[in-house]
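Below you'll find the structure, written out as structure tokens, and then a few comments.
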2 protein chains.
Amino acid sequence: MQPTPASDLQNRLDRFETYLKKSDMKITRQRMQVAEHIFCSSNHFTVESLADELKHKYRPGISRATIYRIVSLMVEAGMLTEHNFGQNSRRYEFIPGQKHHDHIICLDCGRIDEFVDSEIEKLQPKIAKKHGFTLEDHSLNLYGRCVELARKNRCPHHDAAVQTPGAQMV
Amino acid sequence: MQPTPASDLQNRLDRFETYLKKSDMKITRQRMQVAEHIFCSSNHFTVESLADELKHKYRPGISRATIYRIVSLMVEAGMLTEHNFGQNSRRYEFIPGQKHHDHIICLDCGRIDEFVDSEIEKLQPKIAKKHGFTLEDHSLNLYGRCVELARKNRCPHHDAAVQTPGAQMV
DNA sequence: ATGGGTGCAAAACCTTTGCATGTAG
DNA sequence: CTACATGCAAAGGTTTTGCACCCAT
């Protein structure tokens, strides 16, 4: 994952500020720091991981309660999606444009890869319709094992990874 | 959902007993009552709902701790799958044979429908392979709104349903 | 009789909330 | 200034655990 170009970052921050103003919400140090961190760092983070990273990155850090509130706000704003990967806590993901994708999760180390399959995408609204639903959203998660894991009975990324979010290896 | 034929029930209970014996586990009143209830009643239940239903069905009921333990055991045994539908608590589902299916969840009332799409099923292992994974499992959840809901801005099943598990309407 | 299973209550988690304080507008 | 945002600590909800007691084997 390449570093976020400065211009993209600025765009995103602007987009967020605009949203806040439009919604009569205040532009606070906490909101901007959380947003900036999310815009720059890797995906599939938890509130826990955000709190930790922000504590190291900035002086006083930001309380969990506030992070929970800001993350919810950003979900409302359509800038984050929420995931349930069957792990203990919720994961969030920044939506840069609208480019949707699904996930493959390693059952051993928790590593998360992304993919899009246009055929599957096309089939889903049809299925929903057939059942009398209008499709609003979906989540497709594949659970598997790395090839190395299958061979050695242990994923090479284990320990190192165990989804320390930020460890987005490709 | 038709009532479970008695013969099926017996088969399932036998299957469970066999598993317990094979694993050097004891056949207890609690384990058999939980299993029987699961085999007979509807799907997508929570530990909470199981506890409630068992309290009404049997005399002393069964403690939550024990139910959690039995449910985990049955997941291990491959007789249940665990789901995260983005709701607060985990849902479980009995696997009668191996007939897999995916889910459509109503965003308003939480009603859960099932479907299988063979095309999607076929595509998934290919995708996993392309990413260097061996597919072990997957979950595909479609989130939408009933047609009635779209019209009236309210799902006809609301209140009545709100996923009181057991309310498996088709 | 004995080792595993159960029930209870407590602990461990994750997430939300009430309230006093701080601060953007 | 004033209303909204934050931080803290407490509460809420789900799941797990320690331990004494119970009961299949």
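We name chains A, B, ... by the order of the sequence lines, and we start the count at 1 in each one.
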Can you name the residues that form a side-chain contact (heavy atoms from CB on, under 4.5 Å) with [X], not counting sequence neighbours?
X	answer
Lys57(B)	His37(B)
Thr18(B)	none
Lys26(B)	Thr28(B), Arg31(B)

Is any side-chain heavy atom of Leu9(A) closer than 4.5 Å to one of Glu36(A)?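 Sidechains of Leu9(A) and Glu36(A): in contact.
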
Side chains of Arg12(B) and Phe94(B): does their closest heavy-atom pair fall under 4.5 Å?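 SC-SC contact between Arg12(B) and Phe94(B) confirmed.
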
Test side chain to side chain contact (heavy atoms under 4.5 Å, CB included) on Leu135(A) and Asp137(A); report intermediate values, then the result. CA-CA 6 Å; Leu135(A) 191 63; Asp137(A) 194 10; over 6 Å; no

Hydrogens and angles aside, do Glu114(A) and His131(B) bring a side-chain donor and acceptor to less than 3.5 Å of each other?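 On atom types as modelled, these side chains do not qualify, holding no pair under 3.5 Å.
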
Please identify the 5'-most and 3'-most nucleotides of DNA chain D with any atom under 4.0 angstrom from a heavy atom of chain B.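 Contact span on the strand: dT14(D) to dT25(D).
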
Sequence neighbours excluded - salt bridge (Lys or Arg N to Asp or Glu O under 4.0 Å) pairs with any residue from residues 125-134 of chain A: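 Every pair satisfying salt bridge (Lys or Arg N to Asp or Glu O under 4.0 Å) with a residue in residues 125-134 of chain A: there are none.
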
Nucleotide dG5(C), atom C1' - distance to CG of Leu73(B) in whole Å: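 Checked: the CG to C1' distance equals 11 Å.
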
For the pair made of CE in Met32(B) and P in dT6(C), what is the distance, rounded to whole Å?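 Rounded to whole Å, this separation is 12 Å.
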
Among residues 54-61 of chain B, which residues get a heavy atom nearer than 4.0 Å to DNA chain D?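 Those residues whose heavy atoms fall under 4.0 Å from DNA chain D, taken from residues 54-61 of chain B, amount to none.
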
Under the side-chain hydrogen bond (donor to acceptor under 3.5 Å, both in side chains) test, which residues partner Ser89(A), sequence neighbours left out?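 Scan of Ser89(A) (side-chain hydrogen bond (donor to acceptor under 3.5 Å, both in side chains), adjacent residues dropped) gives none.
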
Non-neighbouring partners of Gln124(B) that pass side-chain hydrogen bond (donor to acceptor under 3.5 Å, both in side chains), sequence neighbours left out: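 Listed in chain order: His138(B).
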
Which residues pass the ring pair (Phe, Tyr, Trp, His ring centres under 6.0 Å) test with Tyr92(B), sequence neighbours left out?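 Tyr92(B) satisfies ring pair (Phe, Tyr, Trp, His ring centres under 6.0 Å) with no residue once adjacent residues are dropped.
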
Scan nucleotides 13-25 of chain C nucleotide by nucleotide, 5' to 3', and note B when protein non-hydrogen atoms come under 4.0 Å of the base, S if they reach only the sugar-phosphate, - if neither. -SBBBB-----BS

If the helix axis at each end comes from five base pairs, how far does the helix from dA1(C)-dT25(D) to dG25(C)-dC1(D) deviate from straight, to 10°?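 Roughly 30°, once rounded to the nearest ten degrees.
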
Please output the side-chain donor-acceptor pairs of residues 59-80 of chain A that fall under 3.5 Å, not counting sequence neighbours, one pair per line with the distance.
from     : atom 1 : to       : atom 2 : distance (Å)
Ser63(A) : OG     : Thr66(A) : N      : 3.3
Ser63(A) : OG     : Thr66(A) : OG1    : 3.2
Arg64(A) : NH1    : Glu48(A) : OE1    : 2.6
Ser72(A) : OG     : Tyr68(A) : O      : 3.0

Non-hydrogen atoms of Asp102(A) and Glu121(A) that approach each other most closely: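 That would be OD2-OE2, 3.2 Å.
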
